[in-house]
Structures are given as C-alpha cells and as structure tokens.
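Worth saying up front: this structure is predicted, and the values here are computed from it rather than measured.
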Amino acid sequence: MKVLILLTDTGGGHHRASLALKNTIEQDKGNEVVIEDALMYSSRFLHFVVSKLYLLFATKTPKLYGKIYNSADKVSFLDKAVHGIASFYSRRLFKLFQECQPDCVICCHAFCSDMVAALKKKGKINTLMLNIITDFASHSAYINSNVDAYIVASDDMVKELREKYRINGSIVYPYGIPIYDCFYKKENSCEMREKLGLNPYKKTVLMMAGSFGVTNITEIFTNLNKYPSDYQLVVVTGRNEKLFNGFQTAVKNGYIRDKKGNNIKIKIPTKLCYFVNDIENYMSAADIIVTKPGGLTVSESIAKELPMAIFRSYDGQEKDNAEYLEKHSLAVVMKEGREGVNMLNKLLDDDVALQTMRNNLRTFKKEYSSKNIYRLIKEKL
C-alpha cells in the first residue's frame with residue numbers, strides 16, 4: 001500500500017499528525033507513506049501566501065484573521081476565491097500523483113483538500129481521499145463532494161458536518177486527530193517526575209510555547225512568580241532560541257523583568273527545556289498544562305488525561321478549540337494578569353476539581369486514533 005499525505009506549513013500540528021500516521025502505517029511491511037507539502041510543491045508563491053501570511057495575520061492582527069477565517073466559512077467572495085485558486089494550482093499537483101501513484105491520499109490541511117478534490121472533479125485522479133480535520137470545529141474549506149471519508153476530532157463534529165454542511169454521516173469518522181500511541185500509555189506521575197529530575201512529590205505545571213514559539217508564556221511566567229504557590233514549573237520553549245535564551249538568563253539570574261521593567265524574583269522551582277522529543281513524559285509528570293489550544297497539543301493532552309489551562313487563543317480555529325474545551329469542562333481559559341494566576345492556583349489547590357476534569361478528559365479520549373484511521377484505509381481500499 002502506498003499512501004500520500006498532503007499538508008502545508010501552518011504550524012507544527014499538521015506535521016506531527018502526519019508523522020504519527022506514517023509511523024503506524026509503515027509498521028506493516030510493504031507499506032510506504034510519502035509526506036509532501038502540497039503548496040510548496042505546487043507554487044512557492046502560493047506557499048508563502050497561505051503559510052507566511054497566515055502566521056502574520058494570526059499573530060499580529062488576530063481580529064482581522066478571525067474575520068477572514070469566518071468569512072471563508074460562508075458562501076462569499078473569499079470562499080469562491082479560495083476554491084478557484086486551489087483549482088488553478090491543482091494542475092501542478094497532478095504531477096505529484098503521476099510520480100507517486102498512491103493508493104490513498106490523506107489531506108491534513110483544508111487547502112490541500114481543495115486541490116485534490118479539484119483533481120478528482122476534473123477526472124484526473126480517482127484515488128481514495130481522506131480529509132483529517134486537525135481542529136475541534138469544522139470549516140467549509142475542508143468540505144468537498146469528492147471526499148471519501150472525513151476524520152474528525154470529536155463526536156460533536158459528526159453532527160456539525162451532517163447538519164451544517166449536509167455531509168452524509170456515514171462517511172464521517174470521529175476517530176480523533178492522529179497522535180503517537182505513546183500518549184495513551186499510563187505512567188505513574190511521581191515516578192516520572194523523579195525520572196525527569198523533578199521533585200516527585202510536588203505538583204507540577206507544564207508550560208508550552210507552541211509551534212510558533214509564542215512569547216506570551218514569558219508574561220504568564222512572570223505573573224506566576226509575582227503571586228507564587230506551592231508547585232514546580234516545567235517550561236518548554238520549542239525551537240525558539242530567543243525565547244529559550246531569555247528564560248535561561250532569567251532562571252540563572254534568579255529574576256525576570258515584567259512589562260514595567262521591575263525585577264521579579266523567581267520563587268517557583270523551574271526546569272527549562274528547549275525542544276524535547278519525549279513531551280509525553282513531561283505530560284505524564286504534570287498535573288496541568290498551560291498552552292495554546294492547537295489541535296494536536298489538545299489531542300495529546302486529552303489522551304494523557306491532562307487538564308489544560310488555555311491562554312490567549314487567536315480568533316479562528318484556536319478560539320473554536322478553546323470554546324469546545326471549556327464547554328465540556330476539559331480546560332479552563334485563563335484570564336490575563338493576577339486573575340488568571342489566581343484561577344490556575346485555585347484549580348491546582350482543588351484536587352476534586354482536577355480529578356473531575358481528568359474524568360471528563362477520559363470520557364472524550366479517542367483511543368488509538370492512528371490505528372483506527374489505518375484500519376479504515378484498508379477497509380475502504
């Protein structure tokens with residue numbers, strides 16, 4: 001079996017999902033998975049427009065990005081323009097199908113889905129096509145008449161695709177976003193803390209910057225040390241050297257400067273990490289994770305039954321994800337400043353509330369998503 005997975009560079013989540021799926025499929029001998037950035041393959045200009053401008057709008061002008069995102073989810077000029085551009089560039093993507101000759105194509109990004117659907121509509125290909133929606137709310141950009149199966153993150157989305165987009169429910173599968181199987185493994189938190197060089201008996205907060213190296217965690221870290229409580233911190237900056245170096249200097253000096261230039265003493269025991277390959281172990285060691293609500297991080301946290309504290313969601317899919325988590329009591333959405341710190345401290349001090357959240361997470365967990373998607377591919381073929 002040969003599988004082609006298409007994505008583009010709008011955050012690390014799409015890539016992590018693709019690698020998790022590739023790892024599962026290639027465990028069977030004779031299978032081959034090719035992962036390709038469909039936009040880069042088709043046009044460097046298109047790749048720049050979609051990926052770089054996405055990052056610019058989402059981080060610098062989130063309100064405008066939210067309006068664009070919502071407009072593209074309706075029948076509008078923008079919606080038609082996106083489909084038209086995808087159709088135009090799909091002819092370049094056809095060469096990849098000729099070279100690869102896949103039995104199945106999996107789209108992990110809406111624009112990739114549009115391009116493949118256009119090729120199917122034109123009769124250029126007749127390849128089994130799966131769409132993986134890598135967030136906890138759907139969007140019309142993923143919806144096409146030539147899709148053979150939709151993989152969605154939650155049961156709620158089955159109803160949403162059926163009622164909002166008139167998709168036949170029989171081709172919507174709530175298997176969850178594909179993640180590595182290691183996130184489903186249960187570990188003893190005290191033993192894992194000791195393994196990672198942490199105090200095994202102290203409650204632990206894991207802070208993650210996200211794939212874009214979000215600097216908001218510097219402000220949150222500062223506020224946590226202004227109003228400290230009895231826990232330890234693990235800060236993972238991701239591949240952001242500037243962010244890591246700033247934290248490293250602060251931890252070494254024992255203080256960090258706030259927005260007003262005041263030196264705030266670091267009172268909370270802190271372990272600082274750059275990019276780590278075993279984030280599942282840090283999740284096992286933690287009592288709560290402070291993070292952005294990216295689809296992959298959320299899925300991994302749910303699999304680990306790890307309560308979440310969400311900070312500063314961008315308008316668009318992140319805001320949708322945060323609303324889903326808050327609605328089902330899987331996370332708390334932190335407010336800014338001292339109010340957000342008090343919210344986090346209160347939750348950490350309330351063992352009953354933490355356990356209730358863990359129980360909710362267990363209910364919404366999608367066991368072995370990658371294996372179920374692979375099984376579905378074999379059945380469809």
Exercise. Any sub-3.5 Å donor-acceptor pair from Asn225's side-chain atoms to Lys267's backbone N or O?
Worked result: yes
For this session: Only one of Val290, Ile217, Ile279 passes side chain to side chain contact (heavy atoms under 4.5 Å, CB included) with Met208; say which it is.
Result: Ile279
Exercise. Is there side-chain contact between Leu233 and Met207, with heavy atoms separated by less than 4.5 Å?
Worked result: yes
Exercise. Is any NZ, NE, NH1 or NH2 atom of the basic residue among Lys120 and Asp148 found under 4.0 Å from an Asp or Glu carboxylate oxygen of the other?
Worked result: yes
Exercise. Side chain of His14, backbone of Leu7: donor and acceptor closer than 3.5 Å?
Worked result: no
For this session: Check whether any side-chain heavy atom of Leu39 sits under 4.5 Å from a side-chain heavy atom of Cys112, and report yes or no.
Result: yes
Problem set entry | Cation-pi geometry met for Lys185 and Phe183 (6.0 Å, 45°) | no
Exercise. Under 4.0 Å between a Lys/Arg side-chain N and an Asp/Glu carboxylate O for Lys366 and Asp155?
Worked result: yes
Exercise. Linking I/L/V/M/F/W/Y whenever any side-chain heavy atoms sit under 4.5 Å apart, do Leu381 and Leu376 land together?
Worked result: yes
Exercise. Is any side-chain heavy atom of Thr270 less than 4.5 Å from a side-chain heavy atom of Gln232?
Worked result: no
Problem set entry | Short side-chain to backbone donor-acceptor contact, Tyr41 and Glu36, under 3.5 Å | no
Exercise. Is the number of heavy atoms from other residues, nucleotides or ligands within 6.0 Å of NZ (Lys195) greater than 12?
Worked result: no
Exercise. Any ion pair linking Lys203 and Asp230 (charged N to carboxylate O, less than 4.0 Å)?
Worked result: no
Problem set entry | Parallel, tilted or perpendicular, as decided by the 30° and 60° cut-offs, for the rings of Phe364 and His328 | tilted
Exercise. Going by the angle between their ring planes, with limits at 30° and 60°, are Tyr184 and Tyr368 parallel, tilted or perpendicular?
Worked result: tilted
For this session: With sequence neighbours excluded, give me every side chain to side chain donor-acceptor pair (under 3.5 Å) pair touching residues 168-180.
Result: Asn168-Ser170, Tyr173-Lys380, Tyr175-Arg375
For this session: Please confirm whether the backbone N or O of Thr249 pairs with a side-chain atom of Asn253, one donor and one acceptor, at under 3.5 Å?
Result: yes
For this session: Might you confirm whether atom CG of Asp28 has over 12 heavy atoms from other residues, nucleotides or ligands at distances under 6.0 Å?
Result: yes
Exercise. Does some side-chain heavy atom of Pro174 sit less than 4.5 Å from a side-chain heavy atom of Ser154?
Worked result: no
Problem set entry | Electrostatic pair Glu219:Lys259 at N-O distance under 4.0 angstrom | yes
For this session: State plainly whether the residues Asp287 and Arg193 are in salt-bridge range, i.e. N to O under 4.0 Å.
Result: yes
Exercise. Considering residues at least two apart in sequence or located in another chain, which fulfil the side-chain hydrogen bond (donor to acceptor under 3.5 Å, both in side chains) criterion with Ser299?
Worked result: none
Problem set entry | Lys271 side chain to Leu196 backbone, donor-acceptor under 3.5 Å | yes
For this session: Tell me whether the guanidinium CZ or amine NZ of Arg91 lies under 6.0 angstrom from the six-membered ring centre of Phe88 and within 45° of its axis.
Result: yes
Exercise. Sequence neighbours excluded, which residues qualify as salt bridge (Lys or Arg N to Asp or Glu O under 4.0 Å) partners of Glu305?
Worked result: Lys186, Arg362, Lys365
Exercise. Do the side chains of Asn199 and Glu194 get nearer than 4.5 Å, heavy atoms only?
Worked result: no
Problem set entry | Pairwise side-chain contact, Asp135 with Asp320, heavy-atom cut-off 4.5 Å (strictly under) | no
For this session: Please check if the side chain of Asn321 supplies one atom and the backbone of Phe136 the other of a donor-acceptor pair under 3.5 Å.
Result: yes
Exercise. Any side-chain heavy-atom pair from Glu300 and Met283 closer than 4.5 angstrom?
Worked result: yes
Problem set entry | Close side-chain approach of Ile133 and Ile151, heavy atoms under 4.5 Å | no
Problem set entry | Short side-chain to backbone donor-acceptor contact, Ser370 and Ile179, under 3.5 Å | yes
For this session: Would you mind telling me which of Ile132, Thr134, Asn372 makes a side chain to side chain contact (heavy atoms under 4.5 Å, CB included) with Pro178?
Result: Ile132
For this session: Count the heavy atoms belonging to other residues, nucleotides or ligands that lie under 6.0 Å from NZ of Lys202, then report whether that count exceeds 12.
Result: yes
